[in-house]
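Convention: sequence-line order gives letters A, B, ...; per-chain numbering from 1. Model, not experiment: these values are computed from the prediction.
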Number of protein chains: 2
Amino acid sequence: MTALRRRSPPRTEAELLARARALAGHSLFEIACALRAPGDPEGGLHGKGQAGALLEAALGAPLTSGETHDFPELQVELKTVPLQKNGVPRESTYVCHFALDRAPTMEWSTSWARAKLHRVLFVTTSDSRTPWAERMVHGATLWTPDAEEEAVLRSDFEELVGLAAQGKVDDLVAARGQVMQVRPKAAHGGIRTTLQTEEGELIATVPRGFYLRARFVASILQRSF
Amino acid sequence: MTALRRRSPPRTEAELLARARALAGHSLFEIACALRAPGDPEGGLHGKGQAGALLEAALGAPLTSGETHDFPELQVELKTVPLQKNGVPRESTYVCHFALDRAPTMEWSTSWARAKLHRVLFVTTSDSRTPWAERMVHGATLWTPDAEEEAVLRSDFEELVGLAAQGKVDDLVAARGQVMQVRPKAAHGGIRTTLQTEEGELIATVPRGFYLRARFVASILQRSF
DNA sequence: CAGGATCCAATTGTGGATCCGG
DNA sequence: CCGGATCCACAATTGGATCCTG
């Protein structure tokens, strides 16, 4: 994403939400044009993950790294959710990395997962079946899990982390968890991390991440629009 | 199944189980030969549902109709479960018909489903990928749900019947139920039954039945062998 | 038909592998 | 690398439709 201008950070949630809603009805192409530096003709537009990066720039998210929110001041996370024509996401939504070897000391209340999910700006777009230039921003909503959602998330988290903590990696499959699941997250195929069982045996695994099931995100969005 | 001799009914569970275990290691072809009347050369052998009928005859189940057990004296139900090479059933196991219109007055404790599931003789065979004549009886086990299994079955039953009782036929999908599910059961395509909502509207549906999920049956069998 | 199963097209879910830019 | 998503082959599940026989 060469030479994209980046807006100044929003000062309040209301401002952030207003900016996001102002993007609704515009295509990614339009948004990219508006941000492109005057002399830059094209810039890398299409490609996986570029919609997210573009919207971050358009909304004024600072370039961050490590365990931070997209909008650190507001403690808000941005999630770009591509929707199929029927209005349902095709894929699960990535939450964060899951360091299996640290499972024994992880707790929901202090977890990175909970921090990220505590306040989320969902921005919906057309999905990648529609050509890049025509992909539209559909809408935006700010979400905080209600008591029931928080309870289910916590119970899923505890189940999944519990399995990892016991070294039961073979039970740590995507089918586990009502609304949040664990799936592979490998930047380059075949990278292996290792962890130890209680009995001390070493297990090689693929790196993992937490994901929200598409069903769950669909239900959140449905109630918000 | 023309001219199959039918053994006399077993007098005890032990006798029934012994007979079933005696069939293990034999092919359906052998079993059919042994039961065939002396002059009958072939008899309708293959075809859907014929393994079940053959084993009923071989074990001495009387020909019954209506809401009875396969072995009425013993109150035992026979279920023939074909297993894939990996030892897991490919399909769910039919339990009994589900008359949606009678849901409002159905209770687990007095239900046909519970009566049938209270004592089951599972006989495992090769599945229908292997040619009929070579299909083997693998083993047999008598099962009664333990407290935990009974609780899950009851809760599934109550959920499913509850949905039907409320006329929520659209929610009565195969994904409902941890171990028992409701699926279509139509003898001839397109038969419709109707039922009424609380508000009196008529809903046309396909006939349904209760089924045990393949996973559940697999777990029962795994612990029994 | 009822009871006993089986078949099967199509949808959904799983388990990774891959791509991009800073 | 890392975070942001996407892609995709394959497996499992669904929602019926079909078949046989007494």
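Counting heavy-atom neighbours within 6.0 Å of A/Asp170 CG, excluding the residue itself, gives a total of 12 or less. The number of heavy-atom neighbours closer than 6.0 Å to CZ of B/Arg102, taken from other residues, nucleotides and ligands shown, is 12 or below. In A/Gln178, the CD atom is not crowded: 12 or fewer heavy atoms of neighbouring residues, nucleotides or ligands sit closer than 6.0 Å.
Across the protein-nucleic acid pair, B/His97 atom NE2 and C/dC1 atom P stand 13 Å apart, rounded to whole Å. Taking atom CZ of B/Arg208 as the reference point, atom P of D/dG15 lies 9 Å away to the nearest angstrom. If you take CG of B/Leu121 and P of C/dG4, they are 13 Å apart, rounded to a whole angstrom. One can place CZ of A/Arg129 at 18 Å from P of D/dA5, the figure rounded to the nearest angstrom. The distance from atom CZ of A/Arg176 to atom C1' of C/dG15 is 16 Å, rounded to the nearest whole Å. Residue A/Leu55 contributes atom CG, which lies 13 Å from atom P of D/dG4 at whole-angstrom precision. Taking atom NZ of B/Lys185 as the reference point, atom C1' of C/dC1 lies 10 Å away to the nearest angstrom. A straight line from CG of B/Asp127 to P of C/dC7 spans 8 Å, rounded to a whole angstrom.
With axes fitted over five pairs at each extremity, the angle between the ends of the helix from C/dC1-D/dG22 to C/dG22-D/dC1 is 30° (10° resolution).
A pairwise comparison of heavy atoms in B/Leu221 and B/Phe122 identifies CD2-CB, 3.8 Å as the closest pair. Closest of all the heavy-atom pairs between A/Trp112 and A/Thr68 is NE1-N, 4.4 Å. Residues B/Glu77 and B/His69 come closest through the heavy atom pair OE1-CA, 3.5 Å. Of all heavy-atom pairs spanning B/Ser126 and B/Arg135, the tightest one is O-NE, 3.3 Å. Considering every non-hydrogen atom in both B/Val179 and B/Leu153, the closest pair reads CG2-CD2, 3.7 Å.
Salt-bridge annotation for A/Arg176 and A/Glu159: present, with a side-chain N of the basic residue lying under 4.0 Å from a carboxylate O of the acidic one.
The side chain of A/Asp70 lies closest to D/dG4 when the candidates are D/dC8, D/dG16, D/dG4. Each of D/dC8, D/dG16, C/dG4 was ranked by its minimum atom distance to the side chain of A/Glu91; first place goes to D/dC8. Distance from the side chain of B/Pro82 is smallest to C/dT6 among D/dG16, D/dG4, C/dT6.
Between A/Thr80 and D/dG4 there is no side-chain polar atom (N or O) within less than 4.0 angstrom of OP1 or OP2. For the pair A/Ser128 and D/dC7, the criterion of a side-chain N or O lying under 4.0 Å from OP1 or OP2 is met. Checking the phosphate oxygens (OP1, OP2) of D/dG4, a side-chain nitrogen or oxygen of A/Lys116 falls inside 4.0 Å.
Mapped onto DNA chain C by nearest heavy atom, B/Arg183 and B/Trp112 fall at different nucleotides, with B/Trp112 at the one closer to the 5' end. Comparing B/Arg90 and B/Arg6 along DNA chain D, the residue whose closest nucleotide (by nearest heavy atom) sits nearer the 5' end is B/Arg90. For B/Arg135 and B/Thr64, each mapped to the nucleotide of DNA chain C holding its nearest heavy atom, the one lying further toward the 5' end belongs to B/Thr64.
Among pairs with a residue in residues 76-103 of chain B, those fulfilling ring pair (Phe, Tyr, Trp, His ring centres under 6.0 Å) read B/Tyr94-B/Tyr211, B/Phe98-B/Phe210, at least two apart in sequence or across chains.
Counting atom types as modelled, B/Gln50 pairs no side-chain N or O with a base atom of D/dC19 as donor and acceptor under 3.5 Å.
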For nucleotides 10-13 of chain C, tabulate all protein N/O to nucleotide N/O atom pairs closer than 3.5 Å, reporting atom names and distance.
unit_1, atom_1, unit_2, atom_2, d
C/dG13, OP1, A/Arg215, NH1, 2.4

